[in-house]
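The structure under discussion appears below in the form of structure tokens.
Starting from 1, each residue takes its place in the sequence as its number. For ligands, and for the atoms within them, numbers begin at 1 and follow the listed sequence.
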Amino acid sequence: MAVTRSGSDEHWSGRAAFVLAAIGSAVGIGNLVRFPYQAGENGGGAFVIVYILAVFAIGLPVLMAELFIGRRGGGTPVAAIRRLAKAEGASTAWALMGWIGIFASFLIVTFYSVISGWLLYYAWSLLGDIAGNIAEMGLAGIAQPAFAGDSEDSITSRFPELLANPGRQVLFHGLFIGLATFIVSRGVKGGIEKAATWLMPVFFFLLVALSVTSLIIGDAASALDFLFRPKFDALASQFMNGEILVNAVGQAFFSLSLGSALMITYGIYLERDQNIPAAATTVASADTAVALISGLAIFPIVFAFNLEPAGGLGLIFGPLLLAFNQMPFGALFGLAFFIMAVFAALTSAISLFEVPAAWAKGDIDLDAATHARRRTIGSVIIGLLIFVIGVFHALSQVPDGGSLSTWQPFGQMPVLGNKTLLDAADALTGSIMLPLGGFLAAVFAGYAVSESSSREELGFKHEKSYRRWRFLIRYVCPFFVGLILVWGVIIAPLLAAANGN
Ligand code: PFF
């Protein structure tokens, strides 16, 4: 059969560009903040083992499935699924999966941008701090701790103060999403790919430099023990309540950018001569390595300063800053950390943004000039919408910020209830929409698409590997992803109700 170009007028310039952009999407706040937090909450080493299993047995097959669905279908995330379904004689209602993905990506980026704005503000403050030190004491100022001379109280109150300042939150969210809009409006090669090829190498350099420094100056032994020594008694008891499995699979989906139609969209731009299994394995391995290495950057400091490993988002914005305040070169170290986080967040945010932008750009029946015009206009409109909804997320974080900070959009509902707007959007996407999108992708690729089509599109070198993929996508993925949906939406709320909270 003749090898045709995939159905899009935009393509990655090659394998390296695609792999970097996909890693850029996968590596983000999920690796730097959510993974250490999940590991901290779920008992360290035990969670890490289950997580790695979840990535390779469940996430990776779904990643391959999403990429081949996009490439084989072409056009927009919705049109690609519809076209492929038609070609396979399946119902075009599968296109709903594309809509869920577009909506999920859009919703995630509305709050992702607000959190990225906080990271940007921290980077900005530390830059100001270093500039001030250098102005005062010359180059020796570089060796200063972060916010030298400030009391512990004033350091830890920086985060609540930022949240209490809606203007500042909105300003940095606006700057961040403005930058993302500019990049996405420039298209796949000129925007997304260029951003990834500039930002990701700097990111990797900073990550390695920070983790090596952190292992040297921090409590390396405790960190390694925490991350890599599985405590099997803890594993057994946590397995019994199932939560560790649910959290590990959920984290794998979020971290690999699955279930949001993002990898379907990136697959649309993939040329036919690229081998999907090889590229997907590189992406999943790099994403997991980054999660573990960022654990090595954060936990030695956490333990050296006796901080709580299960500190959540607050860990990065509060206690970690306190550590930077107590160490030599702390301002520089902190600045490097937050620049690294902003870079990672930016390449993920543009990928999320690209999903609705790719839809706005239109299907393959349009000519290249119309696509380009629709991409520019679409990006600006989507960027503005993200900005406006993000403002509401930001306001929902302002303590005593009036009705928005007390507004719980889902009331007392299970899973989604008792949460501010930002946290509710996080739960709706992370616990429901991404697992649902991933579940549908697995069932579509494993059952609706014929065996011969998936075999041809994936192009595994060995039939045995293809058979393994097919087994995982048909049985293992739907079972475990279905399990997390049922767990998250039905069982956990019932248990919580039975426990009276
Ligand atoms: N994978 C990103 C992270 O780990 O921060 C978040 C993300 C990006 C989720 C893109 C979903 C997505 F489609």
Inset, instruction - Identify the protein heavy atom lying closest to atom 12 (C) of ligand 1, giving its residue, its atom name and the separation to 0.1 Å. - result: Leu352 CD2, 3.2 Å

Inset, instruction - Note the single closest protein heavy atom to atom 8 (C) of ligand 1, along with its residue, its atom name and the distance in Å. - result: Ser257 OG, 3.3 Å

Legend entry - Under 4.0 Å to a heavy atom of Ile29 - the qualifying atoms of ligand 1, by number: 5 (O)

Inset, instruction - Give the ring-plane orientation class for Trp118 versus Phe159, where under 30° counts as parallel, over 60° as perpendicular and anything between as tilted. - result: perpendicular

Inset, instruction - Using distance alone, with no hydrogens and no angle criterion, decide if Asn31 and Ser294 have a side-chain donor and acceptor under 3.5 Å apart. - result: no

Inset, instruction - Give me the one residue out of Phe317, Phe338, Phe176, Phe172 that meets ring pair (Phe, Tyr, Trp, His ring centres under 6.0 Å) with Tyr121. - result: Phe172

Inset, instruction - Give, for atom CD1 of Ile386 and atom OG of Ser105, the distance between the pair rounded to the nearest 0.5 Å. - result: 10.0 Å

Inset, instruction - Can you sort out which atoms of ligand 1 are near Ala26, meaning under 4.0 Å from one of its heavy atoms? - result: 1 (N), 2 (C), 3 (C), 4 (O)

Legend entry - Contact atoms of ligand 1, heavy-atom distance to Gly30 under 4.0 Å: 3 (C), 4 (O), 5 (O)

Legend entry - Closest candidate by heavy atom, reference atom 6 (C) of ligand 1, pool Phe254, Phe353, Phe253: Phe254

Legend entry - Residues Glu354, Arg375: salt bridge by 4.0 Å N-O rule: yes

Legend entry - Ser351: numbered ligand 1 atoms lying under 4.0 Å from its heavy atoms: 10 (C)

Inset, instruction - Would you mind running through ligand 1 and noting each atom that sits below 4.0 Å from a heavy atom of Ser255? - result: 1 (N), 4 (O)

Inset, instruction - Return yes or no for this condition: an N or O of Ser260 is under 3.5 Å from an N or O of ligand 1. - result: no

Legend entry - Aromatic plane relationship, Phe68 with Trp469 - under 30° parallel, 30 to 60° tilted, over 60° perpendicular: perpendicular

Inset, instruction - Under 4.0 Å from a heavy atom of Tyr112: give me the atoms of ligand 1 that qualify, with their elements. - result: 2 (C), 3 (C), 5 (O), 6 (C)

Legend entry - Atoms of ligand 1 close to Asn31 [distance to a heavy atom under 4.0 angstrom, numbered from 1]: 4 (O)

Legend entry - Proximal ligand 1 atoms for Ser25, defined as those under 4.0 Å from one of its heavy atoms: 1 (N), 2 (C), 8 (C), 10 (C)

Inset, instruction - May I ask you to decide if the ring planes of Tyr269 and Tyr266 are parallel, tilted or perpendicular, using 30° and 60° as cut-offs? - result: tilted

Inset, instruction - With rounding to the nearest 0.5 Å, note down the distance linking OG in Ser113 to CZ in Phe353. - result: 9.5 Å

